[in-house]
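Report on the structure given below.
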Amino acid sequence: MTLSPTPRSTVKRGHKRAVTERTALHSVLDAALVCHLAVVVDGAPLVLPTGYGRDGDTLYLHGSTGARSLREAVAGVPVCVAVTVLDGVVYARSMFGHSMNFRSAVVHGVAVPVTEPEAKLHGLRVLTEHLAPGSWDYARQPTTKELAATSVLALDLTEASVKVRSGPPGDHEDDVAANDRWAGVLPVRAVWGEPEPDPTLVGGWDVPPHVVTRSRASSAGGPLG
């Protein structure tokens, strides 16, 4: 299945880097952990980093019910969500040719508040399992008070775009022929470190399997997510 670009989701600048497969959109969203939510507040743009999770073609966002940005986002106004995964810095022979290898997604739409209790819990579970897989069934479940203090938004992924850059520099033929400077790519890879126990833990605690497994997968070259 492919994306169906609208006028505002059509990639114009660097259109050759646009990817139209919907699976590519899912892949970018699944690879990152933080998105940036853009909404207009008092006539000015406001961009905030926030956690998210994807379930099929629905993106769940969350935050405090006291956050004005989220109150504006659920007021039926258009919002925009951006996610970027940096894969490397591209060193070219010319300053103009320097770039980055990346995977990015931009989603447009109107965020819908999730208020029905079971649906809200589902959205929070999706968010939790994206950020910290295995934690939903391990940690204490949210209380009624905690649920009331948390906003969950659902954003449909229908209107979205994806851009990807990979590979070496795209240097000018003259610069390549001169062969007087190094050029290449410095890859970027995010990895998990060793789990650090909370200093307030009492007694001997083993690190839970869902944390250990993730840490070991990263140290073995597995993905960050």
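Note that the structure is predicted; figures quoted are calculated from it, not measured.
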Notebook entry, point to check: Under 4.5 Å between any side-chain heavy atoms of His108 and Pro78, yes or no?
Noted result: no

Item checked: Polar contact flag, side-chain donor to acceptor under 3.5 angstrom, His26-Asp57 -> yes

Notebook entry, point to check: Is it true that a side-chain atom of Thr128 and a backbone atom of Leu124 form a donor plus acceptor pair closer than 3.5 Å?
Noted result: yes

Notebook entry, point to check: Are any non-hydrogen side-chain atoms of Leu186 and Tyr91 less than 4.5 angstrom apart?
Noted result: yes

Next item on the list: Show the numbers, then the answer: is there a side-chain contact (heavy atoms from CB on, under 4.5 Å) between Arg54 and Asp30?
Entry: CA-CA 7 Å; Arg54 180 185 70 85; Asp30 294 348; 2.8 Å; yes

Margin query: Checking the side chain of Thr150 only, and the main-chain atoms of Glu146 only, is there a donor and an acceptor separated by less than 3.5 Å?
Written below: yes

Check: Between Leu61 and Leu37, is any pair of side-chain heavy atoms under 4.5 Å apart?
Finding: yes

Item checked: Exam field: side chain Asn101 to backbone Asp87, donor-acceptor pair closer than 3.5 Å -> no

Note to self: Using the rule given for side-chain contact (heavy atoms from CB on, under 4.5 Å), can you reason through Leu147 versus Leu121, listing the C-alpha separation, both sets of side-chain angles and the distance that settles it, and then say yes or no?
What the structure shows: CA-CA 8 Å; Leu147 284 174; Leu121 283 172; 4.0 Å; yes

Margin query: If you define the side chain from C-beta out and look only at heavy atoms, does anything of Val79 sit under 4.5 Å from Val110?
Written below: no

Notebook entry, point to check: If you group Ile, Leu, Val, Met, Phe, Trp and Tyr by side-chain heavy-atom gaps below 4.5 Å, do Met100 and Val188 land in one group?
Noted result: yes

Check: Counting distance only, does the side-chain N/O of Trp205 pair as donor-acceptor with the main-chain N or O of Val202 below 3.5 Å?
Finding: yes

Margin query: More than 12 heavy atoms of other residues, nucleotides or ligands under 6.0 Å from CD of Glu116: yes or no?
Written below: yes

Next item on the list: Check Leu29 against Val83 and note the closest heavy-atom contact, atom names and distance.
Entry: CD2-CG2, 3.8 Å

Next item on the list: Could you tell me whether the side chain of Cys35 reaches within less than 4.5 Å of the side chain of Thr50, counting heavy atoms only?
Entry: yes

Notebook entry, point to check: Do side-chain atoms of Ser104 reach the backbone of Val164 as a donor and acceptor pair under 3.5 angstrom?
Noted result: no

Checklist line | Val107 side chain reached by Leu155 side chain, heavy atoms, under 4.5 Å | finding: yes

Notebook entry, point to check: Shortest non-hydrogen contact from Val152 to Gly123?
Noted result: CG1-CA, 4.4 Å

Item checked: Note: Arg125-Glu118 ion pair, threshold 4.0 Å (strictly below) -> no

Margin query: Can a side-chain donor-acceptor contact be found between His122 and Asp55 if the only test is distance below 3.5 angstrom?
Written below: yes

Next item on the list: Would you indicate whether the side-chain heavy atoms of Phe102 and Val85 approach each other to under 4.5 Å?
Entry: no

Next item on the list: Using the six-membered ring wherever Trp is involved, compare the ring planes of His130 and Tyr52 and label them parallel, tilted or perpendicular (cut-offs 30° and 60°).
Entry: tilted

Margin query: Looking at Asp42 and Ala44, would you say the former's side chain and the latter's main chain have a donor-acceptor pair under 3.5 Å?
Written below: no

Notebook entry, point to check: What distance separates Arg165 CZ from Ser99 OG, expressed to the nearest 0.5 Å?
Noted result: 4.5 Å

Next item on the list: Determine yes or no for a side-chain-to-main-chain donor-acceptor pair under 3.5 angstrom, with Ser215 supplying the side chain and Val212 the backbone.
Entry: no

Check: Which is it for Thr58 and Leu157 under the side-chain contact (heavy atoms from CB on, under 4.5 Å) test, yes or no, and what are the steps along the way?
Finding: CA-CA 6 Å; Thr58 299; Leu157 294 177; over 6 Å; no

Next item on the list: Check the surroundings of atom CG in Asp206: do more than 12 heavy atoms from other residues, nucleotides or ligands lie under 6.0 Å from it?
Entry: no

Next item on the list: For residues 160-189, pull every pair meeting ring pair (Phe, Tyr, Trp, His ring centres under 6.0 Å), keeping only residues two or more places apart or in separate chains.
Entry: none

